[in-house]
Number of protein chains: 2
Amino acid sequence: MTARARIRNAALELFGAEGVGRVSLRAVAQRAGVSHALVLHHFGTKEGLRQACDDYVISLVRDAPDADLGDTAGLAAMLEAGTAVRRYLGRAFLDGSPQAAALFDELVAATGRWLEQGVREGWVQPSDDPPARAAMYVTYLLAPLAFGEHLARSQGVPDVHDLRTLLRFSRAGIEIFTRGVFADERALEAWDAVRDDRGSQRGSR
Amino acid sequence: MTARARIRNAALELFGAEGVGRVSLRAVAQRAGVSHALVLHHFGTKEGLRQACDDYVISLVRDAPDADLGDTAGLAAMLEAGTAVRRYLGRAFLDGSPQAAALFDELVAATGRWLEQGVREGWVQPSDDPPARAAMYVTYLLAPLAFGEHLARSQGVPDVHDLRTLLRFSRAGIEIFTRGVFADERALEAWDAVRDDRGSQRGSR
DNA sequence: CGGCATACTAACCATATGGTCAGCAGAAGG
DNA sequence: CCTTCTGCTGACCATATGGTTAGTATGCCG
């Protein structure tokens, strides 16, 4: 592997694990087995390195192979990526990097089309607010990026990356999306009551 | 407001917005209008300040008033909190601070009980894997903490904190939890097929 | 009043950091 | 063989950072 790529990967891991601010160029260099000057030589500046990481990670998702699952293949790729990439992605979304924002918007658009098609073909429930639903749906699918660690730990599973755990949680998610959580409409009705009540505080849950 | 509290709040805002690593004690001190030495005087060390922020923010959620909505009132409090607190919480979960982990586990436990009760009383769908579902449900509810910014922007809403936006998305979420997304069981069946197929890769979506 | 703790600051220190620079090894090509 | 270009390094620099210390103002209790 080229030194440049080694540096990028090292940065990816460290940035994902600790956050960009807490990782020094020297630490990256050491992990990559090069001098810290070489990092600058290749990426110009720390921000440049960060950008390169963003670009790389996001290209992984965007150029995901096999679109046979519809336009949401990128989402699948995202959730299958390695721990480092997942954590990095979570941070990228939280930090609001422009690339991450663009990716999110793309995902929402693609998912919106996909859901729309599903509605037409009858295998997706219609929605009272399709754009908002598409965005929420994407957010839900992305949520494990940010909370994966807690998900695993809360079930007493040591390794976040254990395949069985991943499968188990994805199954639970699909169950929610297929059968819903609530058995009647009372939550929706309660929400509408809140809204009609001059949209005071609590509209959540 | 006491200087100590001012410092804590300043730290909360800056840490939430930029990440702990990227914020210097001097920046915190300046925002609080004190010398940087006072920050150390009160909190001992930067890590101490971070801890104090964690404790404070999490106490906000844990000691949420009105448990009239059941044990999940803390979740509501979380989602209603100010931008700074929300962002800080998102980062706290991503960074895996012990406090955040404990809070997550509490939320999962409380939600699990709440769902269980709902199942008994008939207003919550039964699940094939209640613990996993509870964890996933909590994760979904928490997701806007990490992705709120993108949610808003993807809908062209400038201000993340606009009440109408918040209500709109929460409504979309409730809709998903009430009616589901999929109209038939094919997604679940597809998942089971993947699992039986020796649980190869893709079990998501 | 005197003594004492508490809140606070200015000045200082060692260190680590991002970034620069001059130069070296070695392959490419004439 | 000589040149040149690229990947790469060690040494260096200015700065900012977390942390310490000595000292000041202030309010409280006897």
Side-chain angles (χ1 to χ4, degrees), chain A residues 1-57 59 84 87-88 91-92 94-100, chain B residues 1-57 59 84 87-88 91-92 94-100:
Chain A
M1 186 177 2
T2 152
R4 194 190 153 105
R6 263 191 356 256
I7 295 172
R8 193 204 338 95
N9 288 355
L12 213 56
E13 287 177 36
L14 293 180
F15 286 172
E18 314 252 359
V20 183
R22 283 218 245 233
V23 175
S24 72
L25 292 183
R26 265 127 171 135
V28 174
Q30 188 180 1
R31 188 179 195 101
V34 300
S35 74
H36 98 276
L38 187 62
V39 179
L40 280 313
H41 172 73
H42 276 305
F43 299 95
T45 160
K46 192 181 188 181
E47 177 58 24
L49 177 58
R50 200 202 111 108
Q51 287 272 345
C53 288
D54 269 27
D55 289 341
Y56 174 68
V57 145
S59 77
R87 296 194 73 162
Y88 187 92
R91 278 215 155 75
L94 222 156
D95 289 341
S97 89
Q99 279 99 317
Chain B
M1 186 177 2
T2 153
R4 195 191 152 104
R6 264 191 354 255
I7 294 173
R8 190 197 351 88
N9 288 355
L12 212 58
E13 289 178 35
L14 292 180
F15 286 173
E18 314 252 0
V20 183
R22 283 218 245 234
V23 175
S24 72
L25 292 182
R26 265 129 171 133
V28 173
Q30 188 180 3
R31 187 178 194 99
V34 301
S35 75
H36 98 275
L38 187 62
V39 179
L40 280 312
H41 173 72
H42 277 304
F43 298 94
T45 160
K46 191 181 188 182
E47 178 58 24
L49 176 58
R50 200 202 111 109
Q51 287 272 346
C53 287
D54 269 27
D55 289 340
Y56 173 68
V57 144
S59 77
R87 296 194 73 163
Y88 187 93
R91 279 215 156 75
L94 222 158
D95 289 340
S97 90
Q99 280 98 319

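In this text the structure is predicted, and so the values were computed from the model without any measurement. Below, read A as the first sequence line, B as the second, and so on, with proteins coming before strands; counting in each chain starts at 1.
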Asker: Given side chains that start at C-beta, do those of A:Lys46 and A:Val20 come closer than 4.5 Å, heavy atoms only?
Answerer: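 A:Lys46 vs A:Val20: side chains touch.
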
Asker: How many whole angstroms separate atom CZ of A:Arg26 from atom C1' of C:dG19?
Answerer: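 Rounded to the whole Å, the gap is 9 Å.
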
Asker: Answer yes or no on whether A:Arg4 is positioned over the face of A:Phe43, meaning its NZ or CZ is under 6.0 Å from the six-membered ring centre and within 45° of the axis.
Answerer: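 The answer is yes, since A:Arg4 meets both limits relative to A:Phe43.
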
Asker: Ignoring hydrogens, what is the shortest heavy-atom contact between A:Ala10 and A:Val28? Give both atom names and the distance.
Answerer: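 A:Ala10 and A:Val28 have their closest heavy atoms at CB-O, 3.8 Å.
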
Asker: Between D:dT17 atom P and B:Leu49 atom CG, what is the distance in whole Å?
Answerer: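 Interatomic distance, CG of B:Leu49 to P of D:dT17: 15 Å.
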
Asker: When we call it a touch if two heavy atoms are under 4.0 Å apart, what does B:Leu25 touch: a base, just sugar-phosphate, or nothing?
Answerer: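 Here B:Leu25 touches the backbone only, sparing every base.
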
Asker: How close or far is atom P of C:dT17 from atom CZ of A:Arg50, stated in whole angstroms?
Answerer: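 Value for this atom pair: 19 Å.
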
Asker: Is there a side-chain polar atom (N or O) of B:Ser35 under 4.0 Å from OP1 or OP2 of C:dA10?
Answerer: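 B:Ser35 to C:dA10 OP1/OP2: no side-chain N or O under 4.0 Å.
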
Asker: Between B:His41 and C:dT6, is there a side-chain N or O to OP1/OP2 distance below 4.0 Å?
Answerer: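 Negative; the distance criterion is not met.
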
Asker: Check this one for me: any side-chain N or O of B:Thr45 less than 4.0 Å away from OP1 or OP2 of D:dG19?
Answerer: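 Yes, B:Thr45 has a side-chain N/O under 4.0 Å of OP1/OP2 on D:dG19.
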
Asker: Please tell me which of the listed nucleotides, D:dT17, D:dT9, C:dA7, lies nearest to the side chain of A:Leu38?
Answerer: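 That would be D:dT9.
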
Asker: With a non-hydrogen cut-off below 4.0 angstrom, is B:Val39 in contact with a base, only sugar-phosphate, or nothing?
Answerer: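 The answer is nothing, as B:Val39 stays clear of every strand by at least 4.0 Å.
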
Asker: Rounded to the nearest angstrom, tell me the gap between atom NZ in B:Lys46 and atom P in D:dA16.
Answerer: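 In whole Å, D:dA16 P lies 15 Å from B:Lys46 NZ.
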
Asker: Judged by atom type as modelled, is there a donor-acceptor pair below 3.5 Å linking the side chain of B:Arg6 to the main-chain atoms of B:Ala32?
Answerer: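 Yes; at least one donor-acceptor contact below 3.5 Å.
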
Asker: Specify the separation, in whole Å, of atom NE2 of B:His36 and atom P of C:dC13.
Answerer: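 Rounded to whole Å, this separation is 14 Å.
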
Asker: Quick one, B:His42 and B:Leu38 - any side-chain contact, counting heavy atoms below 4.5 Å?
Answerer: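 B:His42 vs B:Leu38: side chains touch.
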
Asker: In whole angstrom, give the distance that lies between atom CZ of B:Phe43 and atom P of C:dT6.
Answerer: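 Rounded to whole Å, this separation is 16 Å.
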
Asker: How long is the line joining CD of B:Gln30 and P of C:dT9, in whole Å?
Answerer: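 Taking CD of B:Gln30 and P of C:dT9, I get 13 Å after rounding.
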
Asker: Which of the following nucleotides, C:dA10, D:dC8, D:dG18, is nearest to the side chain of B:Ala37?
Answerer: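 Out of C:dA10, D:dC8, D:dG18, the nucleotide with an atom closest to B:Ala37's side chain is C:dA10.
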
Asker: Checking all strands, does B:Val23 fall into the base, sugar-phosphate, or nothing category for heavy-atom contacts under 4.0 angstrom?
Answerer: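 Sugar-phosphate: the residue B:Val23, judged by heavy atoms under 4.0 Å, touches backbone atoms but no base.
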
Asker: If I take atom CG in residue B:Leu40 and atom C1' in nucleotide C:dA11, what distance separates them, rounded to the nearest angstrom?
Answerer: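 One finds 14 Å between C1' of C:dA11 and CG of B:Leu40, rounded.
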
